[in-house]
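Written below as structure tokens is the structure these notes are about.
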Amino acid sequence: MSRHLKIAAAQLGPLHRADSRRVAVRRLIALLREAHGMGAKFVVFPELAFTTFFPRWWMEDQAQVDERYFERAIPSAETQPFFDEAKKLGIGYYIGYAELTPEGRRFNTAVLVGPDGQLVGKYRKVHLPGHAEHKPQAAFQHLEKKYFEVGDLGFRVWRFMDTITGMLICNDRRWPEAFRVLALQGAELVALGFNTPTENLHYPEPPALRVHHHLIMAQSMAFQNATWLVETAKCGLEDGFRMFGHSVIVAPTGEIAAKTATEDDEVVVFNADIDLAQNLKQTMFNFAAHRRPEHYKLIVERVGAEVTPANP
Ligand code: ING
């Protein structure tokens with residue numbers, strides 16, 4: 001009998017700057033209850049799930065930014081009701097938030113929490129998109145390089161609800177190396193929350209193209225690493241700035257098993273056969289049999305692309 005796990009993507013609609021953590025927690029609890037009602041045992045929530053996507057704003061008062069948008073402790077008094085409800089319902093979950101450590105370091109973080117309410121693992125976002133300087137001419141900012149440090153915990157997996165689960169956040173899904181490092185550790189399930197602006201900051205990219213990229217990356221990463229993949233959005237118009245939904249549960253075969261249809265609070269569930277990937281891992285993507293790392297050195301040694309042709 002193969003292992004099954006009923007997984008949910010619990011998508012959040014917009015959280016505005018005026019929305020307190022209490023508003024977010026109330027909606028997160030409603031999503032937990034809906035997912036529970038649908039039979040889900042593991043729920044993936046978005047990146048930065050307790051607040052608006054604040055890196056879109058240039059703010060200079062760091063103390064105010066810390067108070068409004070960062071969590072000094074997880075859970076805190078304000079977020080405790082969410083953690084209590086999940087434990088009461090016996091649901092495991094992934095949730096993203098802005099982490100302010102006791103040493104004063106700031107990360108874009110996600111945690112994996114078991115159905116017993118115990119913290120299983122923590123991940124700090126490695127691939128920070130956007131910029132650190134103020135772009136006053138731009139319609140909005142994308143200041144993840146200003147507000148967060150590069151994650152210092154690496155890409156890891158954990159034994160979790162009878163699976164091997166790894167975590168990523170948003171922009172990580174654009175870098176195949178991140179998924180491969182998890183797959184090389186035996187990942188069978190990857191949880192990823194995202195907040196992706198519909199508009200491109202730099203040039204007038206057709207919005208449909210952004211969604212197309214999101215969907216092909218999710219399907220290829222799941223397939224090429226023979227893992228289940230849950231990618232959950234916070235989306236909709238946050239203070240007028242649009243982010244797209246299209247939260248997905250993708251099978252290791254690369255097929256989309258479930259996808260949200262709105263840019264609001266919405267839950268989709270799928271009863272995942274965790275052993276579905278066994279054939280792929282033993283044949284087509286049998287890493288030990290087929291990979292040739294001796295030819296991959298540039299992937300680790302070189303950061304940016306440099307033209308080094310074989311001919312003179
Ligand atoms: N958001 C976006 C993402 O990677 C982005 C930022 C979008 C970068 C499109 C480049 C291109 O999906 C976050 N939060 O990483």
### Message
Check this for me, if you would: do R56 and E238 make a salt bridge, where the nitrogen-to-carboxylate-oxygen distance has to be below 4.0 angstrom?
### Response
yes

### Query
What distance do R210 atom CZ and E205 atom CD have between them, rounded to the nearest 0.5 Å?
5.0 Å

### Message
Contact between L192 and M167 at the side-chain level, heavy atoms closer than 4.5 Å - yes or no?
### Response
no

### Query
Which heavy-atom pair separates V250 from A222 by the least distance, and what is that distance?
CG1-CB, 3.7 Å

### Task
Using a cut-off of 6.0 Å, state whether more than 12 heavy atoms not belonging to E294 lie near its atom CD.
yes

### Task
Scan for ring pair (Phe, Tyr, Trp, His ring centres under 6.0 Å) pairs involving residues 283-306, sequence neighbours excluded, and state none if there are none.
F223-F285

#### Entry: Ring geometry between H214 and F244 (parallel below 30°, tilted from 30 to 60°, perpendicular above 60°)
tilted

### Query
Are K146 and W58 in a cation-pi contact, defined as NZ or CZ under 6.0 Å from the six-membered ring centre and within 45° of the axis?
yes

### Taking every non-hydrogen atom, the tightest pair across T52 and Y69
CG2-CE2, 3.9 Å

### Query
Is there a side-chain contact between I249 and I256, using heavy atoms and a 4.5 Å cut-off?
no

### Query
Hey, what do you get for CG (L168) to CH2 (W175), rounding to the nearest 0.5 Å?
13.5 Å

### Query
Are P115 and I91 side-chain neighbours, meaning at least one heavy-atom pair lies under 4.5 Å?
no

### Summary
Smallest heavy-atom separation, N195 atom then P46 atom, equals ND2-CB, 4.3 Å

### Summary
In short, T79 meets S76 closest at the heavy-atom pair OG1-N, 2.7 Å

#### Entry: Check: T196/R173 side-chain N/O donor and acceptor closer than 3.5 Å
yes

#### Entry: Residue of the set V267, T262, D264 for which side-chain contact (heavy atoms from CB on, under 4.5 Å) holds with Q11
T262

Output side-chain donor-acceptor pairs under 3.5 Å for residues 301-312, partner residues at least two apart or in another chain, one line each.
residue	atom	partner	partner atom	Å
R302	NH1	E306	O	3.0
R302	NH1	T308	OG1	3.2

### Query
So, Q282 versus N286: side-chain donor-acceptor pair below 3.5 Å or not?
no

### Message
K87: which residues meet the side chain to side chain contact (heavy atoms under 4.5 Å, CB included) condition with it, sequence neighbours left out?
### Response
none

### Parallel, tilted or perpendicular: rings of W228 and F270 (30°, 60°)
tilted

### Task
Rounded to the nearest 0.5 Å, what's the gap from CZ on R26 to CG on D19? Could you check?
9.0 Å

### Query
Would you say H131's side chain and E133's backbone share a donor-acceptor pair under 3.5 angstrom?
yes

### Summary
Heavy-atom closest pair (A8 atom, A40 atom, distance to 0.1 Å) is CB-CB, 3.6 Å

### Query
For R21 and E71, what are the C-alpha separation, side-chain angles and deciding distance, and is it a salt bridge (charged side-chain N to carboxylate O under 4.0 Å, His left out)?
CA-CA 10 Å; R21 286 180 184 75; E71 308 304 319; 2.7 Å; yes

#### Entry: Side chains of K259 and H246, donor plus acceptor under 3.5 Å
yes

### Query
Would K88 and E85 pass as an ion pair if we require N to O under 4.0 Å?
yes

### Task
Quick one: list whatever passes ring pair (Phe, Tyr, Trp, His ring centres under 6.0 Å) with H142, sequence neighbours left out.
F53

Can you give each donor-acceptor pair under 3.5 Å made by side-chain atoms of residues 102-112, sequence neighbours left out, with the distance rounded to 0.1 Å?
residue	atom	partner	partner atom	Å
E103	OE1	T101	OG1	3.0
R105	NE	E149	OE1	3.2
R105	NE	E149	OE2	3.0
R105	NH1	D152	OD2	3.4
R105	NH2	E149	OE1	2.7
R106	NE	D66	OD1	2.8
R106	NH1	G104	O	3.2
R106	NH2	D66	OD2	2.7
N108	ND2	E47	OE2	2.7
N108	ND2	E144	OE1	3.2
T109	OG1	E99	OE1	2.8

### D275 side chain vs Q278 backbone, donor-acceptor pair below 3.5 Å
no

### Task
Would you please say whether a donor-acceptor pair under 3.5 Å links the side chains of R159 and T163?
no

#### Entry: Smallest separation among heavy atoms of M59 and V65, with atom names
CB-CG2, 3.6 Å

### Task
Tell me whether the centres of the aromatic rings in F42 and F160 are closer together than 6.0 Å.
yes

### Task
Give, for atom CG of L28 and atom CG of D265, the distance between the pair rounded to the nearest 0.5 Å.
8.0 Å

### Residue pair E188 / T227, side-chain heavy-atom distance below 4.5 Å
no

### Message
Taking G245's backbone N and O only, do any of them form a donor-acceptor pair with K234's side chain (distance below 3.5 Å, no angle check)?
### Response
no

### Task
Assess whether ring pair (Phe, Tyr, Trp, His ring centres under 6.0 Å) is satisfied between F241 and W57, documenting all intermediate values.
CA-CA 11 Å; F241 296 94; W57 304 104; 5.4 Å; yes

### Message
Run the side chain to side chain contact (heavy atoms under 4.5 Å, CB included) test against N271 and tell me which residues pass, sequence neighbours left out.
### Response
H4, K6

### Query
What is the distance from atom CG of L31 to atom NE2 of H36, rounded to the nearest 0.5 Å?
14.5 Å

### Task
Check for a donor-acceptor pair, side chain of R156 on one end and backbone N or O of K122 on the other, with a separation under 3.5 Å.
yes

### Query
Do T232 and F45 touch side chain to side chain, with heavy atoms closer than 4.5 Å?
no

#### Entry: F82 side chain reached by P75 side chain, heavy atoms, under 4.5 Å
no

### Query
Looking at the rings of F148 and F54, which for Trp means the six-membered one, are their centres under 6.0 Å apart?
yes

### Task
Kindly compute the distance separating SG (C235) from CZ (R242), expressed to the nearest 0.5 Å.
9.5 Å

### Message
Is there a side-chain contact between L189 and V230 in this structure, where contact means two heavy atoms from C-beta onward sitting under 4.5 Å apart?
### Response
yes

#### Entry: Enclosure of E255 CD (heavy-atom neighbours >12, cutoff 6.0 Å)
no

